[in-house]
Each structure stands twice: as C-alpha cells, then as structure tokens.
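Please find one structure pasted underneath; my questions will follow.
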Number of protein chains: 2
Amino acid sequence: MTRGRSGGKDSVMTDTPESPAGYRTLDEAGIRAFLASRPALAARLGGTPGTWRIREVSDGNLNNVFLVDGAQVDGTGGGVCFKQSLPHVRVDPNWKMPLDRTGFEAAYLHAVRPHVGDLTPDILHFDPDLYVLVVESLDRHVVLRHGLMRGGDWPDAARAVGTFVARATFPTTTLALPFEDVSRLLEPFSRNHTLTRITVDLVLTDPYRVHPRNHWLSPALDGIAARIRTDPGVRRSIGRMQARFLTCRQALLHGDLHTGSVMVSGTDTRIIDGEFATPGPIGFDCGLFVGNLLLHLFAMGNAAGRDRALRDIGRFWTAFRDEFVDLWRVATLRGGTGDAYAASLFRDDATGLLQAQDDMMREVEADTIAFAAMEVIRRIVGYAHVPDFDTIPDIATRAGRQGAALSLACDLLADPKSAPSIAALIDLAHARACDRA
Amino acid sequence: MTRGRSGGKDSVMTDTPESPAGYRTLDEAGIRAFLASRPALAARLGGTPGTWRIREVSDGNLNNVFLVDGAQVDGTGGGVCFKQSLPHVRVDPNWKMPLDRTGFEAAYLHAVRPHVGDLTPDILHFDPDLYVLVVESLDRHVVLRHGLMRGGDWPDAARAVGTFVARATFPTTTLALPFEDVSRLLEPFSRNHTLTRITVDLVLTDPYRVHPRNHWLSPALDGIAARIRTDPGVRRSIGRMQARFLTCRQALLHGDLHTGSVMVSGTDTRIIDGEFATPGPIGFDCGLFVGNLLLHLFAMGNAAGRDRALRDIGRFWTAFRDEFVDLWRVATLRGGTGDAYAASLFRDDATGLLQAQDDMMREVEADTIAFAAMEVIRRIVGYAHVPDFDTIPDIATRAGRQGAALSLACDLLADPKSAPSIAALIDLAHARACDRA
C-alpha cells in the first residue's frame, strides 16, 4: 500500500458498503482490551495489559497500525503489530472505503505463509467483525525503501524478495495444482475489487490520459508527460499490458510489491501489506519491485548507490527465476498434478522441460520489464509518488533525474526490443543513469 | 457436448454430489405434467396437454432431451425442447456426474442471448430443482455435422458461427466492461469444474500421454500417435496451450463449439449445448470450430466438399474477426468503460486502435490454429471421435485420411510458423488434403 496516498473528491472507489453493525474503530484502550481478551495474544505479550506499550505507526497508510510491546522487550520478538481497517482512507475521511482490505491481507498471508516461511510476518489473529489483523511485530526492521534512501545496504534483501515471489506464486498456479484447486483458491481474491480498482486506475490507466489525479514537476517534465500520453508505441504497449493484467490469471499475486512493502533487519527480509492480493500475471509482482529499484537507481546521486540498485535488480530476478523453475522441476519429477505443462509431458524429458520453462520465464520477463516501466511512470507523473526523489533538494536536479527515469521507461514501452531481458535492462539502465549523472 | 461419449471405470469426474432432494428424472408423463403446470409453456404449446406429442431425441447425449410438439404443428415454431440433467452420463449410469450442467447451459444462454439474438435457441424456462432446461424447439433444423456428412451445404452457417463467437465473447471481455463487471459475470462459470475437467483431460492432456481412454486405427496410425506423444515441438506447444487455456481469462466461452453444437435450417443457424461454458481464451471457441471443419475436410472424398470446408474456415474467421473488431471500434468511439485497451488510449487514435486490434487478433489467431490442431488430434486418437470418418467404408482409406489430418495437426503444433495465419492454414490444409486425395 502506498503511504501518503490520499483521497478527495475524485474517488476511484466503486462501492462503499456501510460498516457492519459489530464494527467500531478501536482506540488505544480498545486495542489493549482487545488483546487482553485473546489469551494467545495476551500470553505472547506477557505481563499485565496495563504495562503494554502501544505506539501508533500508521504513517500515512490506508489503515490504523499500532505496534504493541509487552513484557518481552529484550529482543525476543514478543511484540505484536495491530492493524485495523477504517471505513475510509485514514488520512482522508471523505474517501470512503469498504473494510474488507485487512480480510484480503489475512487471506493472502494464510495462502502463502505455508510456502514462504519467515519471508512474511507470522499471522497471529484476524477478527472479521472488527477487521483487525494482528501479526508479529517487526519493530527492529526498517522499511527497505527508507533504508535505501538513507544509503543503507541489505545485500540479501533483493534475493529474498525474488525467492518470496517464486514461493508465493508457484504453489497457486496450474503448474502446481489441478485447475479446480486453483479456481477455488483464487476465487475469493477475484473479489478484491476495491484495491484492484486502485491499481487499474492509478497504475494502468491514469498516467496515459489527461486526469486531475496526475501531477509532476512542471514545466520541466511537461514534454515527457505528453510523450507518455501520445507516443504510439507506448499506447500500444499500455493497451496490451492493461489486457495482460486483467486477463492473465497466472497466480495469486501480492499486488503491491514495491520497496515500501519490504522490511529488512540484517539478513532478515519480510514482505508485508498483502491487501492488494489478486489473481494476475506473475510479472506484475516482479515488475513493481524492479520498477521501484529503478526509481531508486535514478534518484541516487552516487555511483555506489546506483551500482547497488542494479545489482539488486539482477539478484532479485535471478533468485526469482532459479527458485521458480526449481519448484517446477521438482513438481514435475514427482509427477505433480498441475494441469498446465503437465508432468505427463515432461517428467521424462529434462530437455523439453528446460525449453518449456524458458518459454514461460521469457513471458514473465517481458511482463516484468513492461510493468516496471509503468511503475516508474506512475510514480513520477501519476497520483502516488515515491519519496526516493524528495531528498534531492535542487528541483532542476530532481527533474533531470526523474526525466531520465521517465525517458528510459518510455523507451522500454515504445520498443520492447530495446531491453529483451532483465540483463539488457540492467545494461540500459546503467548507461542511462550514468549519462544523466 | 460430444454425442456418444461414454464413461466407464476410468472416470474423469472430480466430485459427484448426491442429487438434491427435489430432483427426479422425468418420464414422458412427468414431462407432460411439468409443461402443463407452467402456464407460459402450456400456452406456447397450445391445445390440451393430452394432445402434445413427445419424442425422445437424446441421441447419445449426457442428458435426456425430448422435443415436444403442441397444437402448433403448422411450422409456426411453437414446439419446445425439453432437456434434463441426469445424475450420471445418460449412456453409462456408472459414470456419476453432478446435475448442474443444465444450470451452466441456462446461465450461458442468459449471458449471451441479449447479444447474439437468434443465433441461439430462445430460452423459455429453467427449473433449478429438477435441472430442466426448456428452449425453443429446432425440429426443422439439422445438426451441421450430420448435414455436412450427407454432402449438404449451408453457405451462411460458418459466417453465422463466426459472428456468434464475436458477439458472445466481446461483451464479456474487459475490452467492453469494467473489470469488476467481468469478474462478477465470469465467477459462476469458473465453477463449471466437472465439464471443464472433461475438456482438460480429453482435449488438452490425454492424447499426449499413454492413457487407456485413447484409441485409434491400429496399427496404421501407431507411428503418428507415437509422434504426437514424443515430438519435442509438439510437447512444447501443448504445454503452452494447456497454460493458455487455464490462465487466459479473456472472455466467456461456449467451451464446446464443434460442428455438432451448430444447427442449421436454410439460412438460419443456431448454436446449442452451452453447458461447457467457461472463462478462457477466445481462440479456444474458434479453434474447436475450425478443427472440426478440418476434420470434415480430411474425411471428405470429393474436391467440392473439401473446397466447401476450406471456404467455411475462411468465412468463419473473417466473420469473427470483422465483427469482433467492429464491436470493439464502436465501444471505443463511444468512450466505453472497458479497462483493457482503454477507450482513453484509442478514442482519438484510429491508427493506434487498428494496431492494437491487430495485436490482439494475431494472438487469437495463433490460439485458434493451435487449438484447432489439438481438436483434430483428440478426435482421431483420443477418447471421443467424430463420425465424419465413419462413412469411409475402407479402413485403409480411412486411416490414410486420418493420418493426413494428424500429420497436418502435428506440423502445426511442432512448428507454429508453418501456418502463421488462418489464410496460411487454409493453403496448407488444401495442399495436404489434395496430396492425400
């Protein structure tokens, strides 16, 4: 979820049901009572409820978020993170929004946690009446985006995110399961209309039309913003990627996998905020992460930071690809029950399997590059920007770096052959970032 | 639905719930009472129930099917077709099957009828307790497959089927509707697991593995059947098309659009048997119809019949394509609300729209050719064959023609570039059919 996103009169919401009768927004006392009345949560926090420390960390989110420390404040990880949906966007009570988003986040955690282990926070409790989700506290972690902006380096993080995407998506595909099981698993997430509408409008549509939600550094970026709306090659790719996002039901996606949805602490990496979960093309999850690394790359003023961002794009993709094809290979050798690329075709044909995997991975790679380009664009000229560029005090410098990022993104969309692979994208991004530096 | 399909010990069913309490299979007296107690149906039939003539025409179907003539026997079309699901395959009571298939057929008719007009029978009644579907009687029509086998010619039929596919699919796509509406429209059809499992097993999987359901003219076709299972290029395409069928949620499909699902009478063409309705790639509907025209083409012993089959493949595709892109063009010019290839991109860019339409139609065309090849294969070496070849009394001649059809299908899958378009497919099929003749 984008921090700092706000609503306003031009709402993108499609339906805003009334809050159910049992719902109320909990304040600090309410949170304390809520946790105290759930024995497992109270035991985890330890001590007496009166001694628990509750801190609001909502930080511009759609939701109320609190960290609660109990008796275990010695680093043994007994705290909890308390998240509650509000019947509106937190920072804009006029932007009404259904409460079910923490429900989708809880369902996503339940679906992927058995496969990804400690790459997400542990889910501790979900209350479907109050729309309260309680997960383990990550109070010693930092948000990857903020950490990178401060010049930090987490050499394992991008690899962990790649591994996460492979492990979270593969088990939800028809490569892994009979189609009936995939159908049942994906069906509830198909109903995540409210947050998917945000993706469709803000990521896939608005930057490519004149719309009051769009904004950018004007007049410096007026020319490139106009190119984004009018370039025939860009339009052609955008139409295709809109259809791809909406019709390619490849796996269960996280749906919002930017660097603000990743928390890091040393070698530990956790993916949070799965409330945008939706069926879709795997390259969308990959593309959002790669796109945010590209944004960071172009925002950075020093070569070491840029090199780390490029390194991380490569590490992410390699880890994702290696893990995904390995899960697939093992499933095939075990005579798995997936209906797509059926084991009956490839169990005894290692060469054929490699070819099939290469076919599919090329498709995901092309999607990744296109969605990454769209993420770069929407984060500079669309509604919800990223803070990575905000630390550049000089406006002309900021506009120059944003313009270079937009120019690369436009070229990637206008001519997909300009970067037919992640390796080629890294080379091209390196050249463009150095040009601009 | 395939006529003559039977079950047996090796069932493909996944779940066979008990019949609901209110269900019973109606005999002739039950049908008469059922119709008499529904005023609209009784009025349509006219006269008194005792005078209605009831004929069973089940003809090897999964279901019981009866035609009922009332007082209107003068050609004014007052008869009805009465179809009831059985809790098993009609011809094999040991093959249990849930009753909901007439429910899917009724839902499909409700979904597409407003868009296709008289290209389907009119739906008159559906009873969800007895799983009875009543539609207008097409008692003066013949099944297109049977008519073609007898050497008949319906010059408008293939065009009508092409128009049908365009008009039935386009309004269910994200080209035409906001994704939320498409999601709600497709969701119930995603649950059509029983019949989709038949498609997945019999069309997409079995012919490409050793399986007791497969059978063919042995030993004449043993070699080509082995090639189908082992050719690396065929395997590669089959894996890809399995994934395409299961993950490309492009539109609501008929799901079983072969020449036995089309009824013709003069210039009137009706598409029946929508119980396999499922979300999927549009090229699957196109491919099944084209595949059955190819089967007919290779079965024919005379040049005139072959020329008509090739003509019909061309007419089908042209009619489909023209109608589909026209519906799309009109929706775009009206500023339609579809989220894919959004009107905001192309409303003022006729050239861009043509390019986008060409991109998508090439994708549907490639799917059509591959699914057509798979339909040819499964109808000769798989479980459910077509009767088109049965009229060839000499087994060697029959095997020769079937082998030529299989050889073409294999080549299309092994090297998709061998026919990159329907026009190229027509040329290739013409050359192969003449070679073999």
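Note: hydrogens, waters and symmetry copies are ignored here, and every other heavy atom, side chains too, is used. Below, chains carry the letters A, B, ... as their sequence lines are ordered, and counting in each starts from 1.
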Practice problem: State whether a side-chain donor-acceptor pair under 3.5 Å links B:Ser190 with B:Arg249. | Solution: yes

Quiz item: Between A:Ala356 and chain B, which part of the residue has a heavy atom less than 4.5 Å away: side chain, backbone, both or neither?
Solution: neither

Self-check item: Aromatic ring pairing A:Phe324/A:Trp328, orientation class (parallel under 30°, perpendicular over 60°, tilted between)
Solution: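 A:Phe324 vs A:Trp328 ring planes: perpendicular.
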
Quiz item: Hey, is CZ on B:Arg362 packed in by over 12 heavy atoms from elsewhere, all under 6.0 Å?
Solution: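 No.
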
Quiz item: With respect to chain A, which residue among B:Thr351, B:Leu246, B:Thr174 yields the maximal number of heavy-atom pairs within a distance under 4.5 Å?
Solution: B:Leu246

Self-check item: Which atoms of B:Pro279 approach chain A - backbone, side chain, both or neither, heavy atom under 4.5 Å
Solution: neither

Quiz item: Relative to chain A, which segment of B:Arg240 carries a heavy atom at a distance below 4.5 Å: side chain, backbone, both, or neither?
Solution: both

Quiz item: What part of A:Arg209 is in contact with chain B, defined as an atom under 4.5 angstrom from a non-hydrogen atom: side chain, backbone, both or neither?
Solution: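 For A:Arg209, the contact with chain B is made by the side chain alone.
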
Quiz item: Relative to chain B, which segment of A:Thr196 carries a heavy atom at a distance below 4.5 Å: side chain, backbone, both, or neither?
Solution: both

Quiz prompt | Which of B:Gly352, B:Pro281, B:Ser183 touches chain A most, by non-hydrogen pairs under 4.5 Å | solution = B:Ser183

Practice problem: Starting from the C-alpha separation in whole Å, work towards a yes-or-no answer on salt bridge (Lys or Arg N to Asp or Glu O under 4.0 Å) for B:Arg236 and A:Asp349. | Solution: CA-CA 11 Å; B:Arg236 183 177 175 185; A:Asp349 181 3; over 6 Å; no

Quiz prompt | Trace of the salt bridge (Lys or Arg N to Asp or Glu O under 4.0 Å) decision for A:Arg197 with B:Asp339 | solution = CA-CA 10 Å; A:Arg197 171 52 64 191; B:Asp339 286 310; 2.8 Å; yes

Exercise. Establish, yes or no, whether a centroid distance under 6.0 Å links the rings of A:Phe179 and B:His193.
Key: yes

Exercise. Answer with side chain, backbone, both or neither: which region of B:Phe346 has an atom nearer than 4.5 Å to a non-hydrogen atom of chain A?
Key: side chain

Practice problem: Heavy-atom distances under 4.5 Å only: say whether A:Asp359 touches chain B with side chain, backbone, both or neither. | Solution: side chain

Quiz item: CZ/A:Phe189 to OH/A:Tyr108 distance, rounded to the nearest 0.5 angstrom?
Solution: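 Going from the CZ atom of A:Phe189 to the OH atom of A:Tyr108 covers 8.5 Å.
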
